[in-house]
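Within every chain, numbering begins at 1; the chains are lettered A, B, ... in the order of the sequence lines, protein sequences first and strands thereafter.
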Amino acid sequence: MRKKILVADDSNTALMMERTLLAKSAYDVVVARDGREAVKQALDENPDLIILDVVMPCMDGFEACRELRRLEATRAIPVIMVTTRGGGDDMENGYEVGCNDYVTKPIHGPELLSKVRNLIGE
Amino acid sequence: MSAYTEEYVQRLLAENERLRLLVDGLKAESEAQVSNLASLYVAVTSVHGALDRPSVLSSVQEIVTNLIGSEEMAIFETDAARGRMTLLASMGIEPGAYQEISIGEGAIGRAAATGERLIRQEGGSLTDDADAALTACIPLTVAGRVVGVLAVFRLLPHKGRLDAIDIDLFDVLAAHAASALLFTRLYPASDGIGGATA
């Protein structure tokens, strides 16, 4: 059975890129445009993995991740954070709120796919 | 006695390992190529996905941030009659100094005057001098005519330098962002999509 990944980003370009890469690697993809929608989609769709951009309107990636970890139904879903910052605060905050891994922008397909596979397999 | 000697088994195991590494290498190479093609596809689709100028400019900014790796950029439109360029949009820079630039002035103006892209391979300069902070000046051209310039300043701190795919993305932007911007200028005066395709 194909695994399902929820991708949350407010950038059309980032969403299209991530969606294209993941779909080509035989994952099903559902999308959200902000953190609040990501939490709702996670509850509705029960994805195998969630990819969360840090900077999003309504609810940012950190807050969304914290909420996902708080909710019983989504607590165990692996989360990869996406950030434009290669180290420092974003990374620390990400691990603090419970993300499993992170990737940096610009989006690098092989790196993203490798981290996805590490967490949920092919 | 087994027909397979220890030496024969070891040779097969070594060959197996060699082929495994070869397959892994080919897989990684193909994944990198798919990723590069995806970047180009996404860039072209994004810039042509809008009818209005703010959306096209926003797409260009998103491409530079998400696919190339910079949050400091400016997009100019040329006015050949006045010999000037006007700032259309910017991000992460102080726009005051870039509101209007003469064609031929500085690196940005030079790119507009010559139609030649200017790329600093090492990128990431931290100097305060505006031109020294530039990583790339990409003339946006339609049918050989420069209609604008995309100036990319410092790359994201973890992005050390531009890669081959970044140069390909600049080429895509040079052609497609130019025609998309030109289209947004012409579209309001047209009869809209319905009229154009009827």
Side-chain angles (χ1 to χ4, degrees), chain A residues 5 7-27 29 31 33-34 51-57 60-61 80-94 101-118 121-122, chain B residues 24-50 55-72 91-92 123-124 135 152 154-163 165-166 168-170 172-173 176-177:
Chain A
I5 298 177
V7 182
D9 203 308
D10 62 325
S11 152
N12 287 331
T13 306
L15 272 183
M16 202 191 298
M17 180 67 183
E18 287 159 346
R19 188 181 212 159
T20 304
L21 290 168
L22 295 167
K24 285 271 171 230
S25 293
Y27 294 107
V29 181
V31 301
R33 303 272 171 180
D34 60 56
I51 299 175
L52 277 180
D53 186 32
V54 168
V55 181
M56 287 189 289
D60 69 21
I80 296 176
M81 303 283 284
V82 183
T83 168
T84 52
R85 301 278 163 247
D89 288 351
D90 271 9
M91 219 176 114
E92 272 176 36
N93 290 341
D101 209 338
Y102 81 101
V103 292
T104 52
K105 289 183 177 181
I107 298 157
H108 181 244
E111 184 197 11
L112 176 70
L113 292 171
S114 153
K115 295 198 170 188
V116 167
R117 283 190 207 110
N118 279 346
E122 299 276 348
Chain B
D24 284 352
L26 289 171
K27 213 169 145 186
E29 198 180 306
S30 120
E31 208 158 74
Q33 279 176 3
V34 167
S35 174
N36 289 346
L37 288 172
S39 289
L40 298 172
Y41 160 76
V42 167
V44 172
T45 310
S46 293
V47 289
H48 290 300
S55 299
V56 170
L57 293 169
S58 166
S59 289
V60 173
Q61 290 180 331
E62 284 192 13
I63 290 164
V64 173
T65 301
N66 291 291
L67 304 183
I68 294 172
S70 171
E71 290 183 311
E72 296 181 5
M91 177 186 187
T135 293
V152 176
R154 289 177 301 183
L155 299 174
L156 290 169
H158 57 275
K159 166 113 183 174
R161 62 182 173 81
L162 293 170
D163 298 317
I165 181 61
D166 300 321
D168 290 343
L169 281 165
F170 282 141
V172 162
L173 285 175
H176 291 271

Novice: Does any backbone or side-chain atom of B:T65 lie under 4.5 Å from a heavy atom of chain A? Answer side chain, backbone, both or neither.
Specialist: both
Novice: Report yes if some heavy atom in the side chain of A:V54 is under 4.5 Å from a heavy atom in the side chain of A:Y102; otherwise report no.
Specialist: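 A:V54 does not reach A:Y102 side chain to side chain.
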Novice: Keeping the roles fixed (side chain from B:S35, backbone from B:E31), state whether a donor-acceptor pair exists under 3.5 Å.
Specialist: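 Flag not set: sc B:S35 to bb B:E31 has no pair under 3.5 Å.
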Novice: At a 4.5 Å cut-off on heavy atoms, which part of B:S70 comes close to chain A: side chain, backbone, both, or neither?
Specialist: neither
Novice: Below 4.5 Å, heavy atoms only, C-beta onward: do A:I107 and A:L21 meet side chain to side chain?
Specialist: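 Yes, close enough: below the 4.5 Å cut-off.
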Novice: Are the side chain of A:D9 and the backbone of A:S11 linked by a donor-acceptor contact shorter than 3.5 Å?
Specialist: yes
Novice: Select one option (side chain, backbone, both, neither) describing which atoms of B:L156 are under 4.5 Å from chain A's heavy atoms.
Specialist: side chain
Novice: Identify which part of A:T84 has an atom lying under 4.5 Å from any heavy atom of chain B, answering side chain, backbone, both or neither.
Specialist: both
Novice: If you count heavy-atom pairs under 4.5 Å between each of B:S39, B:S59, B:P157, B:G49 and chain A, which one has the most?
Specialist: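 Heavy-atom pairs under 4.5 Å are most numerous for B:S39.
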Novice: Determine, stepwise, if the pair A:E111 / A:K115 fulfils salt bridge (charged side-chain N to carboxylate O under 4.0 Å, His left out).
Specialist: CA-CA 6 Å; A:E111 184 197 11; A:K115 295 198 170 188; 3.8 Å; yes
Novice: For A:L113, is it the side chain, the backbone, both, or neither that has a heavy atom closer than 4.5 Å to a heavy atom of chain B?
Specialist: side chain
